[in-house]
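Accompanying notes for the structure given below.
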Protein chains: 2
Amino acid sequence: MATMLEVAKRAGVSKATVSRVLSGNGYVSQETKDRVFEAIAESGYRPNLLARNLATSSTQTLGLVVTNTLYHGVYFSELLSHAARMTEDRGRQLILADGKHSADEERAAIQYLLDLRCDAIIIYPRFLSVEEMDEIVEQHQQPIMVLNRRLRRHASHCVWSDHKASSQAAVEKLIALGHRDIAFITGSLDSPTGVERLSGYRSALAQHDIALRDELIVEGKWTPETGARGVETLLARDASFSSLVASNDDMAIGAIRQLHLRGIRVPQQVSVIGFDDIALAPYTVPSLSSVKIPVTAMIQETINRLIFMLDGGEFNVQQTFPGELCLRESVTAGPRA
Amino acid sequence: MATMLEVAKRAGVSKATVSRVLSGNGYVSQETKDRVFEAIAESGYRPNLLARNLATSSTQTLGLVVTNTLYHGVYFSELLSHAARMTEDRGRQLILADGKHSADEERAAIQYLLDLRCDAIIIYPRFLSVEEMDEIVEQHQQPIMVLNRRLRRHASHCVWSDHKASSQAAVEKLIALGHRDIAFITGSLDSPTGVERLSGYRSALAQHDIALRDELIVEGKWTPETGARGVETLLARDASFSSLVASNDDMAIGAIRQLHLRGIRVPQQVSVIGFDDIALAPYTVPSLSSVKIPVTAMIQETINRLIFMLDGGEFNVQQTFPGELCLRESVTAGPRA
DNA sequence: TTGTATGCGTTATCAC
DNA sequence: GTGATAACGCATACAA
């Protein structure tokens, strides 16, 4: 490929001059400018970003680490498309690295983005602990923001949603409607989000003096398949329930499907609530209520903070985003209302 | 950040030696190796990939250009997750660039990846013409593969699915089942895929001497909303139909939803077929039949070819992937069968 | 307004 | 086995 030197020769100037007209820094006469642009066009010159970034020690990129397991479904698409659009609106490029299926791979993905010298990094952790995230934040001079975790020492470097509170609110809403037999499908219990949502369910019951019945709780793994299987398990246990809370929308979708197959009508016989994002739900599963996590706003805030830090700013505020309970036809009054 | 030079000093050796132990090229005694590793650990040294890539003029990355409009839905997630996994299986990293909403932005995205010196590039074009793609392929020495287009001059640099044939086959299946009044919702007609699918519909009707009725064709824009609106338009036209082909699954989903709302039963009164990917459909819209495009296999082949080319290989074969018609409960015999 | 020289952090080709 | 040293392509401080 044509390099800057070739352009310079062709235009009869020095590399430095070419660099000046390209960057706009420094004075250069209109006529040499013209000659340079001509030479660029003729030679098909294209800047080598590796060299430029090395020289300026700045890449104009934000790195994003997400785990492969999140790749499926609407939630991920939303996350990614918003992140990409917002970074580019700020004149930068988003670079995605796959956290795959383990803590080691998640670490490797972060390291890769750091080695690439991304200006700043966004991490949506799945396997790494809050402790480790806190360490990572302090060990690197690049600004780092963590999504969906509440860091202890660097609370201003994260943006999260209080899953326990949202879950509790959802269950309390069901209770207010008269439901007493509320089944619950958990997410993976090695994930904080999964644990928090279950914990919210427990709190809500305790708050209203409803006994916790183990046979109404079944463990899922976030996928529609496990949601469907969860329903099967509940039915096999012969546990009767008038409503069902699934720890995310994918599982809720699988659960609803399975209820249908078993001839149980939603919402007439069982009300269902999920979590995360119901963007597509109006068309796919109209009977699905959901606690909507405001991904867009969270990404927005994250990127704002990173850019602000890149400009030398400092933060001392925490920010949390409440999930919004969106009830639809799927939630009706409980049997005793 | 610590550089190689600092590591060298700390270990009492030269940069060259450090480079050797890191790359594994060249002989170096075990004891100096140990000293170097120790120095690396102490200093928290991390290689600067910008510098390394500049020096080796190779980045070990594949670039992928996709348009933002594709970002929504399962099809995109599948595409991306498979592409990422396969590139990483081959020891490389996938870098994503957003083609956004116009030809110019699509060009810019390609250019960006080229400027970043990606080793090879995959383009899933949306706005650029086949002509321009052909030019791009020949103007650059990096291996380039184009997905979902049939290039003229560089037929071995693309992998595509014959949308016209798939569409025709789907419609012919409906005809074989006895359907005669077959409605059709197109995709965006500025996209080749949209045009081809419509064309397949026309051919099928012509083939079986069924008159083309304009009132049965309505234009959509790939989204569930336009699918729903398409149904509204058809109903407003008072055009009766026993089956409906939507040019992708998203529109089919929107259409089915709208049919439900209007009290029209699927599939008892109207059979529906969509296109693309029904991976999630079993849980969301069990009544949706679909022509499944084998994204996974296509990505697989694409990446295989790129890696082969990077190793100096040459191709002269074309490859097309037939869409697979997956019929479900949603397709029944037509009224006259 | 322009050119020269140096540095960015590596790799790689020589010598020793 | 190891150490200088020249690339890699660009930016920039300093001269001119």
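In what follows, chains carry the letters A, B, and so on, assigned in the order in which the sequence lines appear, proteins first and then strands, with residues in each chain numbered from 1. Note that this is a predicted model, so its numbers are computed, not measured. Just the heavy atoms: all of them, side chains too, but no hydrogens, waters or symmetry mates, feed the values below.
The CE atom of B:M1 sits 14 Å away from the C1' atom of C:dC8 (whole-angstrom rounding). Between the NZ atom of A:K33 and the C1' atom of C:dT2 there is a distance of 14 Å, rounded to whole Å. Regarding B:M4, its CE atom lies at a distance of 12 Å from the P atom of C:dG9, rounded to whole Å. The CG atom of A:L22 sits 16 Å away from the P atom of D:dG9 (whole-angstrom rounding). Rounding to whole angstrom units, CG of residue B:L5 and P of C:dT11 are separated by 13 Å. Between the NZ atom of A:K15 and the P atom of D:dA13 there is a distance of 16 Å, given to the nearest Å. If you take NZ of A:K9 and P of C:dG3, they are 14 Å apart, rounded to a whole angstrom. For A:L49 and D:dG9, the CG to P distance is 13 Å, given to the nearest whole Å.
In this structure a side-chain-to-backbone donor-acceptor pair under 3.5 Å is present from A:E105 to A:H101. For the pair A:D134 (side chain) and A:R152 (backbone), a donor-acceptor distance under 3.5 Å is present. Between the side chain of A:R305 and the backbone N or O of A:S156 there is at least one donor-acceptor pair closer than 3.5 Å. Side chain of A:D119 to main chain of A:L62: no donor-acceptor pair is present (N/O by atom type, distance under 3.5 Å, no hydrogens or angles).
Nearest nucleotide to the B:L54 side chain, out of C:dT2, D:dC8, C:dT10: D:dC8. Listed nucleotides: D:dC8, D:dG3, D:dC10. Nearest to the side chain of A:A51: D:dC10. Among the nucleotides D:dC10, C:dT10, D:dG3, the one closest to any side-chain atom of B:A16 is D:dG3.
OP1 or OP2 of C:dG3 sits under 4.0 Å from a side-chain N or O of A:T17. At least one side-chain nitrogen or oxygen of A:R52 sits closer than 4.0 Å to the OP1 or OP2 atom of D:dA11. Residue A:S19 has a polar side-chain atom (N or O) positioned under 4.0 Å from OP1 or OP2 of D:dA11. One finds a side-chain N or O of B:T32 lying less than 4.0 angstrom from the OP1 or OP2 phosphate oxygen of D:dT2. Within the 4.0 Å cut-off from OP1 or OP2 of D:dT12, at least one side-chain nitrogen or oxygen of A:N25 is found. An OP1 or OP2 oxygen of D:dA11 is reached within less than 4.0 angstrom by no side-chain nitrogen or oxygen of A:T56. Neither OP1 nor OP2 of D:dG3 sits under 4.0 Å from any side-chain N or O of B:Y27.
No N or O donor and acceptor, one from the side chain of B:R117 and one from the base of D:dG9, sit under 3.5 Å apart.
Among the protein residues, A:V18 comes within range of no part of the nucleic acid, since none of its heavy atoms lies under 4.0 Å from any strand.
Salt-bridge annotation for A:E135 and A:R153: absent, with no side-chain N of the basic residue lying under 4.0 Å from a carboxylate O of the acidic one.
The two residues B:P125 and B:M133 make their nearest non-hydrogen contact at CB-SD, 4.0 Å.
Comparing B:R20 and B:S57 by the nucleotide of DNA chain D whose heavy atom lies nearest to each, the residue mapping closer to the 5' end is B:R20.
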